[in-house]
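Worksheet for the structure shown next.
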Amino acid sequence: DAGVTQSPTHLIKTRGQQVTLRCSPKSGHDTVSWYQQALGQGPQFIFQYYEEEERQRGNFPDRFSGHQFPNYSSELNVNALLLGDSALYLCASSLGQEQFFGPGTRLTVL
Amino acid sequence: QKEVEQDPGPLSVPEGAIVSLNCTYSNSAFQYFMWYRQYSRKGPELLMYTYSSGNKEDGRFTAQVDKSSKYISLFIRDSQPSDSATYLCAMSPPLGQGAQKLVFGQGTRLTINP
């Protein structure tokens with residue numbers, strides 16, 4: 001059984017550009033959450049998707065948006081990139097309370 | 001003040017030692033408590049998951065939750081060099097069904113020396 005997968009692994013963008021990150025949940029999981037992890041910090045909750053709707057949102061600006069597809073996979077979009085958006089972006093999938101994380105996408109904004 | 005406080009370390013101990021990792025929190029609504037292990041440049045791996053107060057043991061790992069003190073702990077017995085990683089505590093409130101947002105501590109960097 002494949003775990004949570006994310007693509008791409010690494011990404012380098014310049015300020016002002018837009019980026020899309022992708023996540024496939026564990027088989028049978030219907031909920032996807034996205035987190036941002038800055039270097040040396042714990043992950044910060046961005047938002048959560050369930051049944052193709054955003055169910056909860058953390059303290060992130062509207063530049064961060066997402067989508068969930070009928071097969072439960074998800075995308076995270078970030079517009080107008082800032083240097084401060086450089087981080088590891090983690091996707092977690094769940095069926096109940098336990099959340100399982102993917103390997104992350106490391107985004108560098110120059 | 002952060003909702004979840006965790007000493008970032010680093011913490012360095014000899015192989016075979018008992019390791020104690022701790023977090024404190026301020027939100028009394030938290031009901032679900034987790035410990036994740038994160039190796040360098042990897043995603044967090046779920047180690048332990050507990051609901052409300054009490055102890056839970058899994059092999060060399062023991063998780064304790066003291067809701068009256070708003071304090072959680074993870075103990076690692078017979079520590080091994082492969083346990084060297086960053087340990088993250090995380091917690092969430094019981095809002096309806098399904099998983100809710102996790103609030104993480106900063107993580108404690110642990111090194112086990114052979």
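Here is how names work: the chains are called A, B, and so on, in the same order as the sequence lines, proteins then strands, and each is numbered from 1.
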Measuring heavy-atom distances to chain A, does [X] have an atom under 4.5 Å in its side chain, in its backbone, in both, or in neither?
{"X": "B:Y36", "result": "side chain"}
{"X": "B:E45", "result": "neither"}
{"X": "B:S92", "result": "side chain"}
{"X": "B:P44", "result": "both"}
{"X": "B:R109", "result": "neither"}
{"X": "B:L46", "result": "side chain"}

Classify the ring geometry between B:F104 and A:F101 as parallel (under 30°), tilted (30 to 60°) or perpendicular (over 60°).
-> perpendicular
Largest heavy-atom contact set with chain B, pairs under 4.5 Å, which of A:A92, A:P103, A:G58 = A:P103
Heavy-atom pairs under 4.5 Å with chain B are the metric here; pick the option from A:P43, A:G40, A:C91 that has the most.
-> A:P43
At a heavy-atom separation under 4.5 Å, does A:Q37 approach chain B through its side chain, its backbone, both, or neither?
->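 The answer is the side chain of A:Q37.
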Okay, A:F47 and chain B: the region with an atom under 4.5 Å from a heavy atom over there is neither
Heavy-atom neighbours of A:L39 CG exceed 12 at 6.0 Å = no
Look at atom CZ of B:F30 and say whether more than 12 heavy atoms of other residues, nucleotides or ligands are closer to it than 6.0 Å.
-> yes
Does the B:S79 side chain pair with the main chain of B:E15, one donor and one acceptor, at a distance under 3.5 Å?
-> no
Is there a donor-acceptor contact under 3.5 Å from the side chain of A:R63 to the main chain of A:V78?
-> no
Is there a side-chain hydrogen bond (donor to acceptor under 3.5 Å, both in side chains) between A:Q99 and A:Y35 once you walk through the steps?
-> CA-CA 12 Å; A:Q99 295 189 28; A:Y35 293 81; 3.0 Å; yes
Lys/Arg-Asp/Glu bridge criterion (N-O < 4.0 Å) met for B:E57, B:R77 |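 Answer for the salt bridge query: yes.
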